[in-house]
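In what follows, a structure is listed as structure tokens, so that the remarks can point back to it.
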Amino acid sequence: MTNPRILAHFQESADLKMKAANVLAQPIEQAIELMFTALSNGNKILACGNGGSAADCQHFAAELVGRFERERLPLPAMALTTDTSILTAVGNDYSYQEIFSKQVQAFGQAGDILLAFSTSGNSGNVLAAIEVAHERDMRVIALTGKGGGTIGKTLNDTDVHICVPHDRTARIQEVHLVTLHCICDGIDVALFGDDANE
Ligand SMILES: O=C(CO)[C@@H](O)[C@H](O)[C@H](O)[C@H](O)COP(=O)(O)O
Ligand SMILES: [Zn+2]
């Protein structure tokens, strides 16, 4: 007899993914187009988020700088969640709220993209990073959930909002992850065409 709690996790995750596939296909396509255009113009992608989303930032950056499923040249993506000296110095000397926005200020250029993760849509340090990204004429792709929170009210009409239709952080993160792989695949299809991995 399968453990009912384990079964329930898998069932809820599977059901949400199929619902999200229909609801989010369009903003995911927009995100692919936005990223491919930015990368084609010589711009880069900066990623920020907390906890499990910080791991997603690093996962995504690794698949762009390294590879997803096809051999290609490295693509410029950086996770703003990895440099412990920057994170601890800014958190200690200024505030935890500024650990990402200071880095966006330092590294972000016009035309770059900020990939902003927040399952609640309310993490202050991600909101602060979005504010600086807008000041620096960057585009924002936000991955949220729970209705989008404050982030959903902060984005402008040139940004992309991928808001998972669920209120449970773990389930939202699981859809964020498959979304990242859709984006990686979409970028490779834009580079090589649809039959490259046949
Ligand atoms: O991964 C998990 C829960 O599954 C946690 O580590 C989660 O990422 C943390 O609680 C974050 O601080 C949540 O922040 P956010 O997604 O609401 O912006
Ligand atoms: Zn998690």
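Just so you know, residue 1 is the first one in the sequence shown, and it goes up from there. In each ligand, atom 1 is the first atom listed, and ligand 1 is the first ligand listed.
Heavy-atom distances between Thr169 and ligand 1 reach below 4.0 Å in at least one pair.
The nearest protein atom to atom 14 (O) of ligand 1, hydrogens excluded, is given as Ser123 OG, 3.6 Å; this is a heavy-atom distance. Remark: minimum distance from atom 17 (O) of ligand 1 to any protein heavy atom is reached at Ser120 OG, 2.7 Å. Protein heavy atom at the shortest distance from atom 2 (C) of ligand 1 is Gln173 NE2, 3.4 Å. The protein non-hydrogen atom at the shortest distance from atom 12 (O) of ligand 1 is Asn50 CB, 3.8 Å.
Within the cation-pi definition used here (under 6.0 Å to the ring centroid, within 45° of the axis), Lys44 does not qualify as a partner of Phe107.
When distances to the Zn ion (ligand 2) are checked against a cut-off of 2.8 Å, Thr169 contributes no N, O or S atom below that limit.
The distance from ligand 1 to the heavy atoms of Ser118 drops below 4.0 Å at these ligand atoms: 15 (P), 16 (O), 17 (O), 18 (O).
Side-chain contact, Asn125 with Ser123: no donor N or O sits under 3.5 Å from an acceptor N or O. Residues Ser101 and Glu131 have side chains that never bring a donor and an acceptor to within less than 3.5 angstrom of each other.
Heavy atoms from both the backbone and the side chain of Thr119 come within less than 4.0 Å of ligand 1.
For His181 and His176, the ring centers sit 6.0 Å or farther from each other.
Using a 4.0 Å cut-off between charged nitrogen and carboxylate oxygen, Glu174 and Lys17 do not count as a salt-bridge pair.
At under 3.5 Å, a nitrogen or oxygen of Gly52, whether backbone or side chain, sits near a nitrogen or oxygen of ligand 1.
Shown here, atom 8 (O) of ligand 1 is in close reach of the protein: a heavy atom of it lies under 4.0 Å off.
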